[in-house]
Amino acid sequence: MISARQPDSSDLLQWYDRHQRVLPWRARLGEIPDPYRVWLSEIMLQQTTVVAVKPYFEKFVTRFPDVFALADAPSEEVMQAWAGLGYYSRARNLHACAKQVAYEFGGVFPDNEAELLKLPGIGPYTAGAITSIAFNKPAVAVDGNVERVMTRLFALTDPLPGVKGQVREKALSLLPEGRSGDFAQALMDLGATICSPKKPACSICPWMELCLGRRQGIAETLPVKAPKQVRPTRLGAIFVIERKDGAILVETRPPSGLLGGMAAFPSSQWAEDYDLSKAMLDAPMELRWKRLMGEVKHVFTHFQLLLTVYVGRAALDAEAPEGMRWVPRKHIDDEALPSVMRKVLSHAISQI
DNA sequence: AAATCGTGGGA
DNA sequence: TTCCCAAGATT
């Protein structure tokens, strides 16, 4: 049995020098990375595609050019700017982290993983990403791309998340001297463009000859993942109330949990066994309701939601119930409404 | 340590 | 339609 030479980072870095993607948050050749932009982009990119992040990143750096601007912004403005991007705890932690960096660290981000890990919203991946990309200090950023590339390159067949330790060891073993940032970004570019989840383009991969996964014909089956859970369906009733002047009744959801801190229309609880025939009991005020045709369907990570929409018209002098407020129609788009609520609103408007 | 936490796009 | 999943963190 003749063993092939071990993979090393030089093949990857040469490939990266020619094929790296141009991204809004990425320093161009010769530019010095801005830790604020690196941090912001890494938080946004958690479980989120590059395409989805781009417009949000541009919006944020325009509205909040540095960590002080973000720290000093009202939380409502931050949540509003984040609305639609999902995983809203990221926005709350982002704001908390900005305040901490601005007011406790004088606006300077820590340059090592241990200190970064103490900050809200920064976990093992993001700490490694900031350390390597923003400061070019030795660290690896193990994300989904790196898991895929390493399990294939070394034919690691143990399932995730258990195999993560081996993935990290392998990535560390390849870490080049002096180019930690490029190495991290090169692995992500490789995973995003060549070592893709389905139909990897092995023929143009810089590691083609050395890749044990490809040699064994199992590359596309890696990484092995635990079987996914079934997604239950929850039901609920939601109430879109329009005052006679067009204002709409809105509440702010509790600071933590699903859609925490985001704006919403008053609704019942969302449960698998919700009894729609008793929806009126969950209405925020007594009105003459019209139940709209159809339902609003929305898919969350761990359940699917079917919302039945009720619309009602309130008097000009109707007071907003405790914890709720009237939002003038022309300002409704300025609210921190998550996608599911915008879906409800357009469903209601189309039938009013 | 298993659950929780969004969204939109592509196969 | 349905399924998959994308630069994970938190509890």
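All chains are named by letter (A, B, ...) in the order of the sequence lines, taking the proteins before the strands, and each is independently numbered beginning at 1.
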Check residues 162-172 of chain A and write down every donor-acceptor pair under 3.5 Å in which the side-chain atom is one partner and the other belongs to a residue at least two apart or another chain.
| from | atom 1 | to | atom 2 | distance (Å) |
| --- | --- | --- | --- | --- |
| A/Lys164 | NZ | A/Glu147 | OE2 | 3.3 |
| A/Gln166 | NE2 | A/Asp158 | OD2 | 3.1 |

Q) Toward the 5' end of DNA chain C, which comes first, A/Leu119 or A/Ala129, by nearest nucleotide? A) A/Ala129
Q | Side-chain cluster (under 4.5 Å, hydrophobic types only) that A/Val22 belongs to, other residues | A | none
Got a list of side-chain donor-acceptor pairs under 3.5 Å for residues 104-113 of chain A, not counting sequence neighbours?
| from | atom 1 | to | atom 2 | distance (Å) |
| --- | --- | --- | --- | --- |
| A/Asn112 | OD1 | A/Ala114 | N | 3.4 |
| A/Asn112 | OD1 | A/Glu115 | N | 2.9 |

Q.
Please enumerate all residues that pass salt bridge (Lys or Arg N to Asp or Glu O under 4.0 Å) together with A/Asp34, with sequence neighbours excluded.
A. none
Q: Under the salt bridge (Lys or Arg N to Asp or Glu O under 4.0 Å) rule, collect the residues that match up with A/Arg243, sequence neighbours excluded.
A: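 Checked A/Arg243 against salt bridge (Lys or Arg N to Asp or Glu O under 4.0 Å); matches are A/Asp245.
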Q. Where along residues 8-35 of chain A does a heavy atom fall under 4.0 Å from DNA chain B?
A.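 Those residues whose heavy atoms fall under 4.0 Å from DNA chain B, taken from residues 8-35 of chain A, amount to none.
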Donor-acceptor contacts under 3.5 Å from residues 343-352 of chain A side chains, at least two apart:
| from | atom 1 | to | atom 2 | distance (Å) |
| --- | --- | --- | --- | --- |
| A/Lys343 | NZ | A/Lys297 | O | 3.2 |
| A/Lys343 | NZ | A/His298 | ND1 | 2.8 |
| A/Ser346 | OG | A/Arg342 | O | 3.3 |
| A/Ser346 | OG | A/Lys343 | O | 3.1 |
| A/His347 | NE2 | A/Met293 | O | 3.3 |
| A/Ser350 | OG | A/Ser346 | O | 3.4 |
| A/Ser350 | OG | A/His347 | O | 2.8 |
| A/Gln351 | OE1 | A/Met293 | N | 3.2 |
| A/Gln351 | NE2 | A/Met293 | O | 3.2 |

Q: Could you give the distance separating B/dG6 and C/dT11 at their P atoms, to the nearest angstrom?
A: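 The same atom, P, in both gives a distance of 14 Å.
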Q | Pairwise P distance, C/dA7 and B/dA11 [rounded to whole Å] | A | 16 Å
Q) With a non-hydrogen cut-off below 4.0 angstrom, is A/Thr126 in contact with a base, only sugar-phosphate, or nothing? A)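 Sugar-phosphate contact only - A/Thr126 comes under 4.0 Å of backbone atoms but never of a base.
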**Q.** Pairs where residues 76-87 of chain A contributes a residue and the test side chain to side chain donor-acceptor pair (under 3.5 Å) is met, not counting sequence neighbours
**A.** A/Arg63-A/Gln80, A/Tyr87-A/Thr301
List the atom pairs, with distances to 0.1 Å, where a side-chain N or O of residues 266-289 of chain A and a protein N or O form a donor-acceptor pair under 3.5 Å, not counting sequence neighbours.
| from | atom 1 | to | atom 2 | distance (Å) |
| --- | --- | --- | --- | --- |
| A/Ser267 | OG | A/Trp270 | NE1 | 3.2 |
| A/Ser268 | OG | A/Ala237 | N | 2.8 |
| A/Ser268 | OG | A/Ala237 | O | 3.4 |
| A/Trp270 | NE1 | A/Ser268 | O | 3.4 |
| A/Tyr274 | OH | A/Asp282 | OD2 | 2.5 |
| A/Asp275 | OD1 | A/Ser277 | N | 3.1 |
| A/Asp275 | OD1 | A/Ser277 | OG | 2.7 |
| A/Asp275 | OD2 | A/Ser277 | OG | 3.2 |
| A/Asp275 | OD2 | A/Lys278 | NZ | 3.3 |

Q.
Walk along nucleotides 1-11 of chain B from 5' to 3' and tag each nucleotide B, S or - by protein heavy-atom contact under 4.0 Å, base first, then sugar-phosphate.
A. ---SBBBS---
N/O donor to acceptor pairs below 3.5 angstrom from side-chain atoms of residues 303-318 of chain A, sequence neighbours left out:
| from | atom 1 | to | atom 2 | distance (Å) |
| --- | --- | --- | --- | --- |
| A/Gln304 | OE1 | A/Thr233 | OG1 | 3.1 |
| A/Arg313 | NH2 | A/Glu242 | OE1 | 3.1 |

**Q.** For chain A, the stretch of DNA chain C it reaches, first to last nucleotide, under 4.0 Å of its heavy atoms
**A.** C/dC4 to C/dT10
**Q.** Check: A/Asp189 side chain, A/Arg21 main-chain N or O, donor-acceptor pair, under 3.5 Å
**A.**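 Pair found, side chain donor or acceptor close to backbone of A/Arg21.
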